[in-house]
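In what follows, a structure is listed as structure tokens, so that the remarks can point back to it.
Numbers here simply count residues along the sequence, with the first being 1.
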Amino acid sequence: MELEKELNTQQLKAVLNNENSLLIFAGAGSGKTRVLTYKIAYLIKEKGFDPFEILAITFTNKAASEMKKRVIELVGKVGQYMWVSTFHSFCARLLRKEISRFGYNEKFIIYNSAESLKLISKCITDTGYDLKTVSSKSVQEVISTSKNKLMNHESFSKKAFDPFEKIVARIFPLYQNELFKANALDFDDLLFLTVKLLKNNPDVKEKYQNQFKYILVDEFQDTNLVQNELIVLLHDGSNKIFVVGDDDQSIYSWRGAEVSNIINFDKNFSNTKIIKLEQNYRSTKFILDAANKLIKNNFSRSKKELWTQSHEGELISKFRAQNEQEEAKFAAKKIKDMIESNSDKSFRDFAIFYRTNAQSRAIEEIFIRESIPYRIFGGLKFYDRKEIKDMLAYLKVISNPKDVISLTRIINVPTRGIGNTTISHIEKFSRNNDITFCEAFYGIERINTVNPSTRKKIRDFIDILDELRDYLDNHTIEETIQQLWEKTSYIKELVIENTIESLNRVDNLKEFLTVVKEFEENRSLIQENNKLSLHDFLQEISLVSEVDNYDENADTVTLMTLHNAKGLEFPVVFIVGLEEGIFPHVRSMTGGSDDVEEERRLCYVGITRAKEKVFLTSSILHYIYGDQRERLISRFIGEIPEELFIDENENISLLYPYGKDDNYVANRKPVFQFGNNERYSGQKNINTDEFSGKSKNFKRSSDGSLKKKKDFLDFKVGDVVEHKLWGSGEILRTKKSSDDLELDVVFKSVGLKKILASIAPIKKIK
């Protein structure tokens, strides 16, 4: 193998070192997959390792398949015998041989998330709880988190503290027993039981330690506690561990990833050597300079700096739009201009990244209007999301009671005890009496095969629809939707569920209010005193949402969240919504410094996806989650030196690429600079530290405003406060922290929350 021709100096060191356990800090675009595959090929071809003695683990089946394919290309068919797989696949393969020690049969089945959830729902009802008050998804999340922290139901029960944990402590053992009786494991059991097996059975541990002479792990910064423990148990001191990762790209703490696993690698594994891959083969020098300057603001990281032999390339472009529509129009114009001026460019060369899914809506609508083909990667189009489809179905039934498709969609959403058996009875009655399903449904009293209690539930639902129709006559569509949420408890149930998924759905529903407001405002601009009808609104929405699904290989712009961008690359990247409270997300700003550091790593990942050009954009007024407010430019833009930027706002033709439209916010000129952040009309100049947000008498709030210290230090136990999103709540505890105040507030809508007084969007009401 002519490795010197294929690898750079640091890559070659990693491949040739066969004496140590190795931690390879592989920066973005530094060729980590190349190093992994050549390392495996070197072990087999040059060092005589049996492929069966090599274990290679990564995080996705696609990555595992690609790695194995590349190894086979280098060493031939003998590479087929390697153990190359994901963590879960490896554990399943091992357990097939050893699970009888737990009393399971080797032909055990694996429940996916949906099947697990269904079983948990059954266990909740079997334990005597109501699914309306005990969320099966919340229970599933707690059980999953416990297993990934190596806690079984017994250890969880001992530490259960609050009322919900005590409920889970009753359901957890029943769930595990039901799994056992079904000879089934859930995904978390695969890792949990494998670690338990190796811990409790020294003979089994020794067997696999002896088998695997070399263990390689990709994306090690993404491992959680149980995955790290698995690798520790497979290491006996004589076999070698080879892990590749980058602490600067650790962005999954919300799903259990522990960046400390890679930082503390040398403490967990003996005879360790660290090698850094810092030469980047993807991006231009200016892009890497920006990324390096940004990530240096993180304290919890290993010291490294990406460099390239590539040309300097183009400077980073920044753009400050008046609102998110103008921001999207700017991106659309730049994409079209770059394609028109460069014959080598096509739509597939462009990607737009955003922090949350709700941000895609404004971009999608502009792209549809400007005939720019796009696809959503790793997520649904805004109007294809379940909660948005549910809202549209409700509105369609209010507008047209004969819409059977929409009626059957919402008939039991949220759950109101109208199940499939009842629907079958209604369908049968409609067939026997030669009437439509809707006619049978609205005449439910005539269907004797439906029991009286269910008939009452249906009548109550029909009454809600009638009330909403009457309400719409004298109110706006926006007010009607909020009334709909109140009458059906749609949002209330999502808040009670209190999972990441359910809270994201709440965000999307609030963003739906923005859609309605914009339609109503645009109609009032076109026709004075002409109220937007529900029929017109639904027609407009249907035109916006009728977008072709583009093939994965089609020539389309890619839209995705920054979390989904990991591992991908594009010639040109736009990162939109770079505003305080959006990116970094407001949740990180009420947490500790670790949360903000992870947000910064997320921005670093986004920038380093780009090969040639990066655009960082923000809005002065961002209308999101049904709320419009003036926002500060993200600190992340402020952390990149000015000399690396082109300010697109200096070119007036770019500032208003489509002319000043009806959404333009007039006469809002910057009056002074706040670090690198513009402050607007009516705000007085103050002395501040360089973008630290600190001042003598003021502190920045997450909504971009400045709070006087005496205002936010004046909160006390017993005060009732109003939060912008969560409504009213009472302060239970206050704690002085530096020049800030930590508050424990119990809100009626979301329960207990820990917040910082200076940045939380709250005000005292009594």
Side-chain angles (χ1 to χ4, degrees), residues 113-126 129-140 380 383-431 435-469 480-499 501-502 504-506 508-509 512 538:
S113 182
E115 291 165 333
S116 164
L117 191 64
K118 190 172 183 179
L119 182 58
I120 286 172
S121 297
K122 178 180 181 300
C123 293
I124 290 171
T125 55
D126 288 350
Y129 295 108
D130 189 337
L131 288 170
K132 289 184 178 180
T133 56
V134 178
S135 163
S136 53
K137 283 191 177 180
S138 295
V139 173
Q140 185 184 47
L380 293 171
Y383 294 109
D384 286 343
R385 292 173 181 136
K386 178 188 181 300
E387 58 275 14
I388 305 304
K389 283 186 171 182
D390 288 345
M391 287 304 104
L392 289 172
Y394 266 104
L395 294 177
K396 287 175 182 177
V397 171
I398 292 169
S399 175
N400 175 20
K402 296 181 180 180
D403 186 346
V404 64
I405 300 299
S406 296
L407 178 61
T408 52
R409 178 180 181 88
I410 61 170
I411 198 169
N412 200 38
V413 177
T415 304
R416 52 176 61 90
I418 306 172
N420 291 332
T421 301
T422 300
I423 292 172
S424 296
H425 285 309
I426 298 172
E427 288 174 339
K428 184 178 180 180
F429 184 87
S430 68
R431 287 195 302 270
I435 59 176
T436 67
F437 177 91
C438 292
E439 288 171 327
F441 180 80
Y442 295 124
I444 189 64
E445 289 82 2
R446 299 160 54 196
I447 307 177
N448 295 325
T449 54
V450 175
N451 66 59
S453 63
T454 304
R455 290 205 299 270
K456 183 181 185 306
K457 292 172 184 174
I458 291 174
R459 175 45 58 194
D460 290 342
F461 177 52
I462 293 170
D463 290 342
I464 288 173
L465 294 175
D466 288 340
E467 286 177 29
L468 290 170
R469 287 189 192 99
T480 303
I481 291 171
Q482 292 174 319
Q483 181 75 356
L484 188 161
W485 293 344
E486 177 70 25
K487 290 289 184 180
T488 63
S489 299
Y490 194 103
I491 280 193
K492 181 181 178 181
E493 293 203 4
L494 291 175
V495 170
I496 291 172
E497 186 176 310
N498 197 32
T499 62
E501 181 184 358
S502 69
N504 280 338
R505 287 183 172 179
V506 172
N508 288 333
L509 287 168
F512 187 59
L538 293 170

Donor-acceptor contact present, side-chain Asn412 to main-chain Gly419, <3.5 Å: no
For Lys456, all residues meeting salt bridge (charged side-chain N to carboxylate O under 4.0 Å, His left out), sequence neighbours excluded: Asp460
Under 3.5 Å: donor-acceptor pair, side chain of Arg469, backbone of Val397: yes
Lys132 to Thr415 - nearest heavy-atom pair and separation: CE-O, 3.5 Å
Show me the side-chain donor-acceptor pairs of residues 481-488 shorter than 3.5 Å, one per line, residues at least two apart or across chains.
unit_1 : atom_1 : unit_2 : atom_2 : d
Lys487 : NZ     : Glu467 : OE1    : 3.0
Thr488 : OG1    : Leu484 : O      : 2.8
Thr488 : OG1    : Tyr490 : N      : 3.4

Contacts of type salt bridge (charged side-chain N to carboxylate O under 4.0 Å, His left out), residue Asp130, not counting sequence neighbours: none
Nearest-0.5 Å distance that lies between atom CZ in Phe441 and atom CD1 in Ile423: 8.5 Å
Atom pair CD1 (Ile426) and CD1 (Ile444), whose distance is rounded to the nearest 0.5 Å: 4.0 Å
Pairwise side-chain contact, Asp466 with Tyr442, heavy-atom cut-off 4.5 Å (strictly under): no
Least distance between heavy atoms, Glu387 atom then Leu509 atom: O-CD2, 3.7 Å
Worked verdict on Val404 versus Thr436 for side-chain contact (heavy atoms from CB on, under 4.5 Å): CA-CA 9 Å; Val404 64; Thr436 67; over 6 Å; no
Euclidean distance, Ile458 CD1 relative to Thr422 OG1, rounded to 0.5 Å: 5.5 Å
Inter-residue atom distance Thr133.OG1 - Leu131.CG, 0.5 Å rounding: 8.0 Å
Considering all heavy atoms, the nearest Ser406-Ala393 contact: CB-O, 3.6 Å
Verdict with reasoning, Lys386 to Val413, per side-chain contact (heavy atoms from CB on, under 4.5 Å): CA-CA 11 Å; Lys386 178 188 181 300; Val413 177; 4.0 Å; yes
Test salt bridge (charged side-chain N to carboxylate O under 4.0 Å, His left out) applied to Asp463 - qualifying residues, sequence neighbours left out: Arg459
Distance in Å, His425 NE2 paired with Arg455 CZ, rounded so as to fall on 0.5 Å steps: 11.0 Å
Donor-acceptor contact below 3.5 Å, side chain Ser489 vs main chain Lys492: no
Non-hydrogen atoms of Gln140 and Ser116 that approach each other most closely: NE2-OG, 3.3 Å
Qualifying residues under side chain to side chain contact (heavy atoms under 4.5 Å, CB included), relative to Ser135, sequence neighbours excluded: Lys137, Ser138, Glu497
Check: Leu395 main-chain N/O paired with Ser399 side-chain donor or acceptor under 3.5 Å: no
All side-chain hydrogen bond (donor to acceptor under 3.5 Å, both in side chains) counterparts of Ser424, not counting sequence neighbours: none
Thr408 side, atom OG1; Asp403 side, atom CG - distance, nearest 0.5 Å: 8.0 Å
Test side-chain contact (heavy atoms from CB on, under 4.5 Å) applied to Ile435 and Phe429, step by step: CA-CA 8 Å; Ile435 59 176; Phe429 184 87; 4.0 Å; yes
Working for side-chain contact (heavy atoms from CB on, under 4.5 Å), residues Met391 and Arg385: CA-CA 10 Å; Met391 287 304 104; Arg385 292 173 181 136; over 6 Å; no
